Engineer: 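Sharing a structure, written as structure tokens. Questions coming.
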Amino acid sequence: MLFHVRMDVSLPHDMDPNDRAELVRAEKERALELQKLGVWPHLWRVVGQYSDISIFDVPSNDELHAFLSSLPLWEYMRVQVTPLATHPSDLAAQP
Ligand SMILES: O=C(O)CC1=CCC(=O)O1
């Protein structure tokens with residue numbers, strides 16, 4: 001199942017810079033891990049915002065939730081999920 005996921009990150013302004021750097025490092029490590037597993041095939045930055053837009057490819061809603069909530073920045077993100085279905089006019093879906 002494919003999901004469009006938008007993550008808006010909001011870190012506290014008074015967060016210790018070392019704690020912030022460690023969180024961002026750990027987030028990147030986990031993101032690369034999930035990409036290598038094939039469950040996170042696309043990841044883009046939203047221009048001008050501390051936000052990203054991704055495509056996740058996972059078997060179920062529950063597994064998507066487990067992957068998203070495993071992210072180190074989870075408690076600092078607002079996450080919007082849109083489940084995707086095949087469009088009948090998609091060239092790739094033509095017989
Ligand atoms: O920087 C972000 O948008 C949050 C994030 C998601 C994966 C990652 O490495 O950083």
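Please read these numbers as outputs of a predicted model, since none were measured by experiment. Whatever order the structure lists them in is the order used to number ligands and atoms, beginning at 1.
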Engineer: Same cluster or not: are L37 and L71 linked, directly or through other Ile, Leu, Val, Met, Phe, Trp or Tyr residues, by side-chain heavy atoms under 4.5 angstrom apart?
Structural biologist: yes
Engineer: Does V81 offer a backbone N or O that forms a donor-acceptor pair with the side chain of R6 under 3.5 Å?
Structural biologist: no
Engineer: Going by side chain to side chain contact (heavy atoms under 4.5 Å, CB included), F56 matches just one of L2, L84, V5. Which one?
Structural biologist: V5
Engineer: Indicate yes or no: does an N/O atom of S51 lie under 3.5 Å from an N/O atom of ligand 1?
Structural biologist: no
Engineer: Minimum heavy-atom separation for G38 and P41, please, with both atom names.
Structural biologist: O-CD, 4.1 Å
Engineer: Between L71 and ligand 1, which part of the residue brings a heavy atom under 4.0 Å of the ligand: side chain, backbone, both or neither?
Structural biologist: neither
Engineer: Closer than 4.0 Å to some heavy atom of A31 - which atoms of ligand 1 meet that?
Structural biologist: 7 (C), 9 (O)
Engineer: To the nearest 0.1 Å, how far is atom 4 (C) of ligand 1 from its closest protein heavy atom, and which atom is that?
Structural biologist: D52 OD2, 3.3 Å
Engineer: Take every heavy atom of R30, measure it against each atom of ligand 1, and state whether any distance is under 4.0 Å.
Structural biologist: no
Engineer: Would you tell me whether S54 and W40 have side-chain atoms, one donor and one acceptor, within less than 3.5 Å of each other?
Structural biologist: yes
Engineer: Under 4.0 Å from a heavy atom of K28: give me the atoms of ligand 1 that qualify, with their elements.
Structural biologist: 9 (O)
Engineer: Would you mind telling me if ligand 1 is within reach of the side chain of W40, the backbone, both or neither, using heavy atoms under 4.0 Å?
Structural biologist: side chain
Engineer: Quick one: look up the protein heavy atom nearest atom 1 (O) of ligand 1 and list residue, atom name and how far away it is.
Structural biologist: R45 NH2, 2.8 Å
Engineer: Name the residue from E29, R30, K28 that meets the side chain to side chain contact (heavy atoms under 4.5 Å, CB included) definition with L32.
Structural biologist: K28
Engineer: Give me the nearest non-hydrogen protein atom to atom 10 (O) of ligand 1 as residue plus atom name, then the distance to 0.1 Å.
Structural biologist: E27 CG, 3.3 Å
Engineer: Hey, is the main chain of D8 close enough, under 3.5 Å, to the side chain of Q80 for a donor-acceptor pair?
Structural biologist: no
